[in-house]
Amino acid sequence: MKTVKILGPGCANCRKLEAIARDAAASAGIEAEFIKVTDMNDILAFDILSTPGLVVDDKVVSSGRIPTQAEVKEWLAA
Amino acid sequence: MSTALHLLNGGAGNLAAYLAAHVLLCLLPAFFIAGAMTALIPKAGITRWLGRNTSPHVSYPAAVAAGSLLAVCSCTIVPLFAGIYKKGAGLGPAITFLFFAPAGNILALAYTGSILGPEFAIARVILCIFFGVGIGLLMARLFWRDDASHDARTDALFAKDGRMGRAAIGLLLSLLAVLLAGTLKLAPLTATIATAELSAPWAETWQAILVQWVPFDAARGEEGVSVQGSLLILLLVLIGLAAWKGLENITEGPNRWTWLALALAAATLLTAALRLIPTGEGLQVALTGRVIAVGVALLACLHFARQLEAAGLHAWLWESWRFVKQIFPLLVVGVFAVGVIRQLIQPAWIQGLAGQNDLTANAVAVLFGVFMYFPTLVEVPVARMFLDLGMHPGPLMAYLMSDPELSLQSMLMVAAIIGRKKTAAYVALVAVFSMAAGMIYGAWVDGASLAWIGLGLFASAAVLVTMARLNGRRPRSARLKGEHA
C-alpha cells in the first residue's frame, strides 16, 4: 500500500497531476491512498519551490511540472 | 430596457473590437512565451542565487529575475515566495520577488506595451525594479531581527543548479522575436511591400454589417471591428476548438489536433500582420514588412522546437495552453465588463478626480487599486479605459503599480506566511511607493526636465545602495551574537 500526496493549493496543474496519478495507479494495479495537501504551510514542510508536487511514501518525486503516467507508474512500482 | 441593451452592446462591442485588434499579435505569442518560461527555464538556475548565504548584491537582482522570468502564475509565486522567506535569502528578497512578480513579469509587460504603449511598459518595469528592491530592503531593515532568527534549516533547496539547453534558449528568443515583430510600430515593419486586389464583392457589405453590429464612437476612444478583425475572431475560435482536442492531454503526447492548433495559431499571426482593406468591389491585400518578419521568426520557432526533447516540448505546449485556459476567460469577462462600465462613466468625473498629476489624484488611484480586485492582466484594459476617459498618466501609473500588488486575496495569502504585522507594513510601503512612482512618471509625462527625473532616480539608487550595505552587515552581526549566546 503506497501513500501518494499531491501538493498544491488547488490550481489547474494540481488537479491534472492528481488525475494522472490516479490513472497511473489504477492502470498499473497498484493500491494507493491519495492525500491532497492544500495548506501552504504543510506544503512547505516538503522541500519544494513550486507546485504541483508529488510525494510517494514521504519522498518528493517531482515538483513544478506534470509528469507522464509512465513516470508515475515507475515511482509507484519502486 | 433600451439602456440595458445599450450597455450590453457596449460590452460586446468592446470585446469584439479588442479581440480583433489587440489580442493576437501580442497575447498569442505572449502565452507561448509564458509557457516556455514556466516549462523550459530550470528554476534552480535562478533560485541558487537566492540561498541564505548569498550577498544582498546578488540576491536582490536574482529576486527581480525570478519575478520576471519564473513567476507568471500563482503556482510558482506563492511557494517560491514562502520558500525564499522561510528557507532562503530571507524577507527582503522574498518581498522584492513578491512585488515584482505580478506587475513585472514578461506577460504583463508585453501586454502593457501593446495596449497602453511602450513608454508605459518601460516606465512600469523601471519603477517596479526600483521600488521592488527598495521595499524589499526597507522590509528587511524593519524586521531584521526576525530574519536573523529564522530557522537555520539546510540550504540544500537552493543549492541545485540548472542549465538551459540550446534549443530552449533558441525557442524562447524566437518567440520573443515573434512578439516584437508583431507589435513594434517601426518603419520596415509597417511598410507595404506589395498589394494585391482580390475580387470580393461581399467585403464592402460585410464591413457595413460589422459597423452596424458594433457601432463605435472614435471620439470616446472606442474601436470598431474591421473585415480583417472578423476573420481573426473566426480563426481564434477555430484555434480554441483545435487546442481543446489537441492540447488538453498533451503531456501524454501530441495528436493530429495538436498540429492543427499550432498551424492555425501561426496562420492567425500571419493574417493579423497583413493589411486587408475593403475597396468598392474587392478586398485589397497588402503584404507588409511585418508579415515577412513574423514569418521568419515563426520558422525560427519551428526550427528550435523540433530540437527540443519530447518531454520539454510537451511541457511547453501544456503550460501555454494552461495559461490560455486560466487567463483568457478572465480577460474576456473583464474586457466585456469594461465595455459596459465605460458607458456609465462620464469623462468629466475621471478628469475632475484624476486629470492632474497631484497628490490627491495619485492617492485616489492607489486606493482604487487596493479596493478593486481584478484578476491577472485585467488591470491593463481597465487602465486603457481610464486613459481614454482622460485620466492623467501619472495617477494611472500609480494605479498600475498598486492594483496587481495589493488585493484582498494576495494580502490574505501573504499574511498567512509572514504574519499580519509584516503584511501591514508591506501594504503601507507599497501604497506610499506606488504614489511616488505615479508622481515621478506623471512629472516626466508633463515634461519635467530629464535632469530632474535622472537626479531623482540617481538619489533613489544611492539610498538603495546605502541600505543594501547596512543591510548586509546587520544579520551577520546578529548571527555572531546568536552564536555567542
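Note that the coordinates shown come from a computational prediction; the quantities given were computed from them, not determined experimentally.
Proximity to chain B among residues 17-38 of chain A is limited to I20(A), judged by heavy-atom separations below 4.5 angstrom. Contacts with chain B (heavy atom to heavy atom, under 4.5 Å) involve these residues of residues 60-70 of chain A, listed by number: G64(A), I66(A), T68(A), Q69(A).
Between P79(B) and L49(A), every side-chain heavy-atom pair lies at or beyond the 4.5 Å cut-off.
For K59(A), there are no salt bridge (charged side-chain N to carboxylate O under 4.0 Å, His left out) partners, not counting sequence neighbours. Applying the side chain to side chain donor-acceptor pair (under 3.5 Å) test to K325(B) and every residue at least two apart in sequence or in another chain returns E248(B).
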(request) Determine, stepwise, if the pair K86(B) / N41(A) fulfils side-chain contact (heavy atoms from CB on, under 4.5 Å). (result) CA-CA 10 Å; K86(B) 289 199 167 159; N41(A) 285 312; 2.7 Å; yes
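When the shell of 6.0 Å around CH2 of W49(B) is examined, it contains 12 or fewer heavy atoms from other residues, nucleotides or ligands. Within 6.0 Å of CD on Q307(B) lie more than 12 heavy atoms contributed by other residues, nucleotides or ligands.
Interface remark: A82(B) contributes backbone and side-chain atoms alike to the contact with chain A (heavy atom separation under 4.5 Å).
For the pair K87(B) (side chain) and L44(A) (backbone), a donor-acceptor distance under 3.5 Å is present.
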